[in-house]
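So the structure is just underneath, and the comments pick up after that.
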Amino acid sequence: MKQFGSHIRSSLFKSKIIFLFLLIVIAVPCVSQNKTTIPVETSQNALVLQMDKDNHPLIIYFGKKLSNSAEYATIPGQVLQHDGNAGIYNSAYTPAGSWSLVEPAIRLTHADGNTSLDLLYINHQAKQEDDNISVTTVLLRDPVYNSEVTLYYKVYKRENVIEQWSVIVNKEKKPIVLNKYASANLYFMAGDYYLRHYHGSWASEMKPEETKLTAGIKVLDSKLGTRANLYGPPSFMVSFDKPATEDEGKVLLGTLAWTGNYQFDFEMDSYHNLRLISGINSFASEYTLNPGQEFKTPSFITTYSEHGTGEASRNLHNWARKYRLLDGQGSRLTLLNNWEATYFDFDETKLTGLFKDAKKLGVDMFLLDDGWFANKYPRNSDRAGLGDWQENVKKLPHGIGYLVKEAKEAGVKFGIWLEPEMVNPKSELYEKHKDWVIRQPERPEHYFRNQLVLDLSNPEVQNFVFGVVDSLFIKNPELAFIKWDCNAVIYNANSAYLKKTNQPQTHLYVDYVRGLYKVLERVRAKYPKVPMMLCSGGGGRADYEALKYFTEFWPSDDTDPLERIYMQWEYSYFFPAIATCNHITDWSSMPLKYRTDVAMTGKMGYDIVVSKLGESDLQFSQQAVANYKSISDIIWHGDEYRLASPWEKPFAALQFVNNSKDKAIVFAYLTNFRFMNTTTSATPVQFKGLDLQKKYRIKEINLYPGTTSTITTDTVYSGEYLMTVGFNPDVNTRRTSVILQVDEAR
Ligand code: DGJ
């Protein structure tokens with residue numbers, strides 16, 4: 001980032017007190033040349049706001065923190081932008097319709113139809129919630145119309161994470177309309193900006209693209225409504241000056257905690273500075289606020305590192321495990337899922353056989369997937385039955401209760417698949433409750449996977465969806481897991497409920513997501529602990545608001561291990577391994593060991609026909625489950641390091657290190673299978689995150705029966721050696737995947 005010198009003129013602010021586990025409010029005025037300056041600091045970084053002479057809030061600095069926070073105040077004096085646009089680009093929350101002509105963070109229509117807005121600083125506060133978390137709020141008000149916006153900056157100091165959102169309050173006497181209502185508005189000054197963002201579709205999620213930003217606006221967005229991330233997740237990274245690498249460079253990771261339509265605007269201004277506006281996509285979503293009503297925008301979460309993407313992603317992992325992901329510091333269940341093994345074709349006998357297979361494999365749980373419900377229109381394919389959540393009496397004459405009992409007898413837990421937000425037109429639910437379905441009554445219906453979306457803006461539908469989950473648990477208190485699927489997007493966005501209650505149709509996209517959260521709140525209030533997988537026909541939902549309620553997510557239906565190496569690599573920048581479900585399936589013909597080794601870098605599961613495994617494959621898998629259980633603590637809770645990128649080399653390598661640095665696991669995979677690809681195995685891979693002084697022994701684990709390792713275990717290496725010289729896992733066409741266990745030699 002561009003650096004600025006400084007000279008201090010005056011400082012009234014110095015925060016001195018640490019409040020341990022107390023909620024105490026302190027006012028933190030920091031005034032230089034009569035300008036209020038508000039530093040928002042993590043342990044390493046700072047985002048600094050300052051008011052201009054008219055009290056507009058500006059962002060004057062983003063980057064490495066200064067040791068003397070009083071010095072921030074004079075930074076603007078170093079920035080010589082003197083044309084007519086000066087001082088308007090770096091607004092901390094750009095209003096539309098008055099002095100700013102750039103992309104706004106907020107645009108609204110007042111009760112009298114006027115579309116102008118100005119937001120002036122009123123006051124700010126900083127609350128120390130504990131020794132790590134503080135929340136700074138900045139209250140802004142329109143001097144003419146009185147409406148207010150409060151900007152929130154929640155700092156997780158040790159994790160270097162800032163969570164931002166805004167709350168907009170209608171202080172007028174009549175309703176106002178929010179036309180755009182961002183969560184955050186940031187401003188960066190650097191030589192160049194490199195945006196890494198993601199695109200894809202079903203079974204090809206999370207394809208990265210890195211692009212140098214040029215003048216103008218680059219918009220990333222979704223308008224899909226439900227599985228909003230299908231074509232791209234609400235996560236990105238921006239490198240400053242040059243593309244960041246794993247260990248070098250300045251990089252910001254950003255992610256919006258919203259399970260619906262989102263929008264990120266990256267606008268490079270005429271000074272070559274970068275404006276970033278992020279929030280809910282306001283497309284077709286103008287939102288009316290009645291007098292006194294407020295609108296809380298979703299959280300925009302960022303972390304910044306000057307030491308590359310590795311550190312930035314570990315920041316986010318630490319934050320997510322501790323503060324966001326449900327049970328992020330807990331453990332997870334290994335499982336056998338029947339989806340790819342049976343699809344819709346199963347009955348009680350087949351399933352009870354699979355319970356025994358799960359037990360034989362050694363996993364904790366059997367997960368029954370789609371196809372277990374509906375009678376008038378049985379769910380024997382994806383064309384019928386969705387919405388009718390009664391056990392199909394032909395397939396399951398004794399009901400779910402019997403299966404839970406049988407699974408228990410077989411020695412495994414029992415989990416179940418649901419897709420409660422959706423309906424097939426061929427269902428009793430549709431016949432009975434067309435008014436619950438999102439559709440345009442005057443237009444032909446459009447289907448996505450033969451189904452439609454229920455209208456979660458409607459409280460009755462919320463009750464129904466909650467009831468689907470609740471009644472399953474009431475009848476089967478020993479249910480151990482839910483896979484919550486969501487396969488359709490919203491076509492023909494229109495709500496009978498909003499019409500009936502005289503609310504604008506433009507509330508639908510927002511109220512749908514809010515309705516979903518209301519249901520999930522209720523589910524979690526009653527069933528706080530049951531693990532739930534966030535699944536959306538693959539990776540159509542992967543965001544940190546939904547993950548408050550879910551213990552894990554399904555990144556993609558594509559379980560081809562070679563594809564998964566790249567996909568999991570990209571997801572791993574934003575999500576910790578404990579959150580990422582990786583299943584071993586028969587999707588590809590790659591060796592079972594390769595498929596297993598790739599799945600082990602997250603939350604491992606199986607979706608295979610165990611009875612068809614040959615003796616060696618079964619023996620290998622049983623050992624793999626046991627191995628995984630012995631190392632999963634390091635994978636789930638340790639620090640993740642990406643060692644060799646498959647995008648750059650003919651192989652990939654990654655590593656997890658436990659907190660005391662006495663244990664690590666290294667995974668290495670061949671990704672280019674060309675004959676005599678000598679670059680693969682010629683050079684060692686430098687390990688990371690170990691203790692320089694400690695001595696380590698290395699052992700290859702998860703060997704396929706009948707094979708021997710080429711790695712000798714008799715040498716002891718220093719941490720310094722392993723991180724400087726490196727170690728060669730000897731990945732080659734005969735050893736396409738290798739797992740190394742690194743233990744301190746005592
Ligand atoms: C999509 C999911 O991603 C799959 O894993 C499976 O659960 C199917 N839906 C079932 O319909």
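Residue numbers count from 1 along this sequence. Both ligands and their constituent atoms are indexed starting at 1 by order of listing.
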Side chains of Tyr517 and Glu545 only: does a donor on one sit below 3.5 Å from an acceptor on the other? no

Does a donor on one side chain and an acceptor on the other come within less than 3.5 Å for Asp597 and Asn702? yes

Less than 4.0 Å between a side-chain N and a carboxylate O, is that true for Lys483 and Asp485? no

If you measure from each heavy atom of Glu419 to ligand 1, is any distance below 4.0 Å? no

For Arg379 and ligand 1, does the shortest N/O to N/O distance drop below 3.5 Å? no

Which residue owns the protein heavy atom closest to atom 11 (O) of ligand 1, what's the atom, and how far is it? Asp370 OD2, 2.6 Å

What part of Lys483, side chain, backbone, both or neither, has a heavy atom within less than 4.0 angstrom of ligand 1? side chain

Return a yes/no value for Gly538: is any of its N or O atoms, backbone included, closer than 3.5 angstrom to an N or O of ligand 1? yes

Nearest protein heavy atom with distance in Å, relative to atom 3 (O) of ligand 1: Asp557 OD1, 2.4 Å

Pairing donors with acceptors under 3.5 angstrom, does anything connect the side chains of Lys395 and Asn380? yes

Any chance the side chains of Asp370 and Tyr343 put a donor and an acceptor closer than 3.5 Å? no

Starting from atom 9 (N) of ligand 1, find the nearest protein heavy-atom neighbour and note its residue, name and distance. Asp485 OD2, 2.6 Å

Between Arg227 and Glu205, is there a side-chain N and carboxylate O pair less than 4.0 Å apart? no

Return yes if some donor-acceptor pair links the side-chain N/O of Tyr491 with the main-chain N/O of Ile438 below 3.5 Å, else return no. no

Of the backbone atoms (N, CA, C, O) and the side-chain heavy atoms from C-beta on, which set of His583 has a member under 4.0 Å from an atom of ligand 1: side chain, backbone, both, or neither? neither

What part of Ser536, side chain from CB on, backbone N/CA/C/O, both or neither, has a heavy atom under 4.0 Å from ligand 1? neither

Where on Asp382 is there a heavy atom closer than 4.0 Å to ligand 1, on the side chain, on the backbone, on both, or on neither? neither

Just which atoms of ligand 1 are under 4.0 Å from any heavy atom in Gly537? 1 (C), 3 (O)

List the closest protein heavy-atom neighbour of atom 7 (O) of ligand 1: residue, atom name, distance to the nearest 0.1 Å. Asp369 OD1, 2.7 Å

Checking Arg642 against Ser313: is there a side-chain donor and acceptor pair closer than 3.5 Å? yes

Would you say the side-chain atoms of Glu419 and Asn487 include a donor-acceptor pair closer than 3.5 Å? yes

Identify, by atom number and element, the atoms of ligand 1 in contact range of Trp554, meaning under 4.0 Å from any of its heavy atoms. 3 (O), 5 (O)

With a 6.0 Å cut-off on the ring centroids, do Trp339 and Phe344 count as close? yes

What atoms of ligand 1 come closer than 4.0 angstrom to any heavy atom of Trp417? 7 (O), 10 (C), 11 (O)

Which of the atoms of ligand 1 are close to Cys535, meaning less than 4.0 Å from one of its heavy atoms? 2 (C), 3 (O)

